Number of protein chains: 4
Amino acid sequence: MVTQRGKRQIEIIEAALKVFGENGFFQGTMEEVAKEAGIGKATIYEYFSSKKELFQEMLVYFVEDYITGAHDATEKENTVRSKLIALTEYNIAFVKSKADTLQRMTSRSEHVSEDFKCKIFNIKQTVCSIALKIVEKGIETGELRSDLDKNIAALIIIGALNSVSTEYIFNEEIASNTINTSTFVDILLSGLS
Amino acid sequence: MVTQRGKRQIEIIEAALKVFGENGFFQGTMEEVAKEAGIGKATIYEYFSSKKELFQEMLVYFVEDYITGAHDATEKENTVRSKLIALTEYNIAFVKSKADTLQRMTSRSEHVSEDFKCKIFNIKQTVCSIALKIVEKGIETGELRSDLDKNIAALIIIGALNSVSTEYIFNEEIASNTINTSTFVDILLSGLS
Amino acid sequence: MVTQRGKRQIEIIEAALKVFGENGFFQGTMEEVAKEAGIGKATIYEYFSSKKELFQEMLVYFVEDYITGAHDATEKENTVRSKLIALTEYNIAFVKSKADTLQRMTSRSEHVSEDFKCKIFNIKQTVCSIALKIVEKGIETGELRSDLDKNIAALIIIGALNSVSTEYIFNEEIASNTINTSTFVDILLSGLS
Amino acid sequence: MVTQRGKRQIEIIEAALKVFGENGFFQGTMEEVAKEAGIGKATIYEYFSSKKELFQEMLVYFVEDYITGAHDATEKENTVRSKLIALTEYNIAFVKSKADTLQRMTSRSEHVSEDFKCKIFNIKQTVCSIALKIVEKGIETGELRSDLDKNIAALIIIGALNSVSTEYIFNEEIASNTINTSTFVDILLSGLS
DNA sequence: TATGAATGAGTCTTCATTCAT
DNA sequence: GATGAATGAAGACTCATTCAT
């Protein structure tokens with residue numbers, strides 16, 4: 001059963017999702033959230049003890065939303081390939097629908113001027129180009145297959161890299177010996193199947 | 001030649017790196033940066049027109065540092081495999097050395113209580129478990145090779161996924177048809193080589 | 001006859017006495033009073049039109065309690081001496097039983113740190129020491145009788161002084177010529193009898 | 001030497017003295033203090049870390065002012081009698097000059113309506129009348145001397161009483177046996193000399 | 001009669017930025 | 001060139017009071 005209280009909480013969280021999504025935690029104000037929710041400022045405090053708590057509950061709500069969807073999307077598929085495709089598509093759709101929210105919430109874009117975004121874009125391209133160059137060279141020397149989509153390959157490398165690096169740091173027990181590094185690279189090279 | 005002015009700028013940026021790294025953009029104050037740099041608050045404004053500009057220049061400095069190193073590390077290797085290993089190791093080393101800075105700068109750790117971190121950790125595990133389940137099922141059914149390191153495989157999937165999804169959104173020209181999705185998944189499955 | 005309404009009013013006043021006694025007027029909230037009384041917040045407004053009125057009625061209730069007791073205690077004694085002793089003892093007992101309430105209600109203890117209380121205590125000692133020094137010097141020179149309890153004498157001087165000074169200010173008709181000052185001091189020196 | 005900083009601090013304290021004197025701690029706002037001092041609101045925080053600290057420093061300043069004056073006034077007199085008269089006069093003068101400040105700071109007059117003040121005044125009279133009645137009865141029966149100023153006598157009793165009672169409570173080591181009560185009453189009756 | 005829910009008005013406090021020296 | 005001092009603008013949070021039920 002959905003309580004009256006629970007319903008109002010959801011309303012506030014959804015307003016927060018919009019406001020913090022557009023403005024980030026520090027730029028989004030409680031006043032804006034209240035206005036967005038169509039309620040008084042103090043009312044929020046009847047449901048969330050502080051801005052921090054509201055933000056956290058909002059994140060949980062947001063992430064749980066993602067998980068449920070991702071789970072459902074993959075569950076009904078049978079092969080690994082179709083599962084991965086489903087997951088990829090779901091992910092893209094989700095990211096697309098929440099593009100603004102994510103962009104602002106993840107990045108520090110609020111305090112980054114247009115001029116600067118350009119600069120950063122170039123940098124990102126440069127980072128990417130390192131992977132891209134490796135891929136191109138590899139195709140050239142025959143180490144990599146010639147039908148490879150270079151851009152996607154580069155993206156996979158970078159994404160996988162970051163994902164693994166981060167995990168290495170925050171989950172130290174996964175170990176940090178070179179064997180894992182080779183394992184990682186080998187999977188990338190030979191594929192999962 | 002390094003000008004006097006340039007030298008001072010670097011000092012400030014390095015102080016900013018420390019302060020914003022520890023506290024994030026909004027929590028880090030100009031006063032702290034000044035104190036860290038051992039200069040007066042107003043002096044910063046002689047070198048950077050605003051907090052925003054300082055932060056941006058700091059990011060550029062930070063990222064360029066990464067790029068230079070990444071470039072050097074891969075350049076001297078010959079095969080794709082050794083290049084990728086070098087890049088992976090460099091990346092891990094870099095992330096490790098800047099772990100604190102990155103963690104604070106990237107995440108919203110300031111306004112996230114310990115209690116909440118735990119909650120989020122569980123969620124992250126859940127997200128990961130979706131990929132993990134797919135991998136496990138795949139090994140079981142023989143679709144994936146049995147010698148696969150499940151955790152690393154899951155991490156690769158998630159990282160690659162995010163990287164590609166994000167790119168899809170922000171670089172629309174890369175197209176958004178299912179062909180690419182299949183391409184992406186196929187590369188993951190069959191590997192780069 | 002005690003009406004139902006009157007009974008409820010008393011309950012609220014007693015709750016207010018506790019809450020405002022512990023927290024002072026501004027720190028004590030209507031919400032706390034309501035909780036203490038075991039009723040809803042809005043209910044208080046059925047009996048008292050505002051926080052101010054509640055506070056005032058509470059004071060009246062408190063003071064009347066004192067007066068009744070003080071009256072009873074002195075009434076049944078016969079000599080001035082025994083009356084004064086009875087009054088003194090009653091006063092001490094009353095103050096003692098309400099020590100906490102009085103202390104908080106009178107002082108600004110809320111916004112006074114422990115560190116500061118110490119400072120203030122020293123000051124109070126200093127004030128006291130002025131009277132004390134006079135007493136000691138007087139005993140030394142023989143102006144005051146040698147069997148005098150110095151501390152009590154000093155306290156009497158200070159209390160009487162404040163009481164009279166305050167009255168001078170707020171009851172101007174009592175006059176403000178030096179004759180009264182002499183009169184006052186003479187009573188202190190020669191006693192009432 | 002009076003530093004620039006010290007001078008500004010005094011200015012703020014004096015403004016606070018006026019504002020808090022007129023309005024009490026909770027009613028007086030930092031904005032008012034700033035306006036009174038002719039400075040910006042934030043400037044206060046350059047000198048005092050919080051409203052609380054400002055208030056405390058203000059109290060210290062206020063009390064020290066009193067003490068210095070009281071000390072000076074009594075020091076230059078020779079006999080106990082003249083010392084007491086000097087102290088009394090100083091006290092009256094001080095209270096008179098700070099009447100408003102004291103009245104507001106001590107009492108809770110801000111949240112007490114005119115109507116209520118009347119009520120309280122009557123109560124005070126009643127309290128006083130208890131002492132007054134004892135005095136009158138005493139004069140009648142010959143226990144007290146007939147030339148006694150009844151009002152001043154009553155004030156002395158009440159003031160001394162409160163002073164001693166309070167001390168009993170907060171300075172427990174002074175003991176709480178009846179001997180002291182008698183001692184106290186005897187001093188009142190027989191005088192200090 | 002009793003009250004939970006809602007809220008606007010009000011206040012402390014922070015901080016990027018300016019400017020006189 | 002360097003800076004301490006000053007500050008306006010902004011935002012989180014509180015609470016007495018109201019009102020629909």
Side-chain angles (χ1 to χ4, degrees), chain A residues 4-5 8 12 23 25-35 37-55 111, chain B residues 4-5 8 25-35 37-55 111, chain C residues 4-5 8 25-35 37-55 111, chain D residues 4-5 8 12 23 25-35 37-55 111:
Chain A
Q4 189 58 39
R5 185 173 175 79
R8 178 54 64 95
I12 296 174
N23 300 314
F25 177 77
F26 286 106
Q27 295 304 63
T29 71
M30 293 301 260
E31 188 130 30
E32 281 172 311
V33 174
K35 193 178 284 175
I39 58 175
K41 204 192 330 178
T43 306
I44 300 178
Y45 287 89
E46 294 287 325
Y47 295 88
F48 302 93
S49 67
S50 68
K51 187 185 183 184
K52 192 170 166 175
E53 196 195 287
L54 170 58
F55 187 75
H111 38 91
Chain B
Q4 188 58 39
R5 183 171 176 81
R8 178 57 65 93
F25 178 77
F26 285 106
Q27 295 304 64
T29 70
M30 293 299 262
E31 186 129 33
E32 282 171 310
V33 174
K35 191 178 287 176
I39 58 175
K41 212 189 327 179
T43 307
I44 299 178
Y45 287 88
E46 296 291 326
Y47 296 89
F48 302 92
S49 67
S50 68
K51 186 186 183 185
K52 195 168 164 176
E53 195 194 289
L54 169 57
F55 187 75
H111 36 91
Chain C
Q4 187 58 39
R5 184 171 175 81
R8 176 58 64 92
F25 178 76
F26 285 107
Q27 294 304 61
T29 70
M30 293 301 260
E31 187 131 30
E32 283 171 309
V33 174
K35 190 178 286 175
I39 59 176
K41 212 189 326 180
T43 308
I44 300 179
Y45 287 86
E46 296 291 326
Y47 296 89
F48 302 92
S49 67
S50 69
K51 187 185 184 186
K52 195 168 166 175
E53 196 195 288
L54 169 59
F55 187 75
H111 36 92
Chain D
Q4 189 57 39
R5 184 174 175 78
R8 178 52 66 94
I12 295 174
N23 300 315
F25 177 77
F26 286 107
Q27 295 303 63
T29 72
M30 293 300 261
E31 188 129 33
E32 282 172 310
V33 174
K35 193 177 286 175
I39 59 176
K41 207 187 333 178
T43 306
I44 300 179
Y45 287 88
E46 294 288 325
Y47 296 88
F48 302 93
S49 66
S50 69
K51 187 185 182 185
K52 192 169 166 175
E53 196 195 288
L54 170 57
F55 187 75
H111 38 91

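Just so it is clear: chains get the letters A, B, ... in the order the sequence lines come, proteins before strands, and each one is counted from 1. Computed from a prediction, not measured in an experiment: that's the story for all the values here.
The stretch residues 39-50 of chain B comes close to DNA chain E through B:Lys41, B:Ala42, B:Tyr45, B:Ser50, each having a heavy atom under 4.0 Å from the strand.
Taking CD1 from D:Ile44 and CD1 from D:Ile39, the interatomic distance works out to 5.0 Å, rounded to the nearest 0.5 Å. Taken to the nearest 0.5 Å, the CD atom of D:Glu31 stands 4.0 Å off from the NZ atom of D:Lys41. For the atom pair OG1 (A:Thr43) and CD1 (A:Ile12), the distance works out to 7.0 Å, reported to the nearest 0.5 Å. Going from atom CZ of A:Arg8 over to atom OH of A:Tyr47 covers 5.0 Å, rounded to the nearest 0.5 Å. Atom OG1 of residue C:Thr29 and atom NZ of residue C:Lys51 lie 7.0 Å apart, to the nearest 0.5 angstrom.
Put simply, NZ on B:Lys51 is 15 Å from P on E:dT14, counting in whole angstrom units. Computed from coordinates, the A:Glu31 CD to E:dG8 P distance equals 9 Å when rounded to whole Å.
Comparing A:Gly28 and C:Met30 by the nucleotide of DNA chain F that holds the closest heavy atom to each, the one mapping nearer the 5' end is A:Gly28. Map B:Thr29 and A:Arg8 each onto its nearest nucleotide of DNA chain E; the residue landing nearer the 5' end is A:Arg8.
In this structure, A:Arg5 reaches neither bases nor backbone, as no heavy-atom distance under 4.0 Å exists between it and the strands shown.
In secondary-structure terms, DNA chain E builds stems of at least 3 consecutive Watson-Crick or G-U pairs, each pair having both distances under 3.5 Å, at E:2-21 with F:2-21.
The footprint of chain B on DNA chain F, defined by a heavy-atom cutoff below 4.0 Å, extends from F:dA2 to F:dA6.
Under a cutoff of 6.0 Å and an axis angle of 45°, A:Lys52 and A:Phe25 do not form a cation-pi pair.
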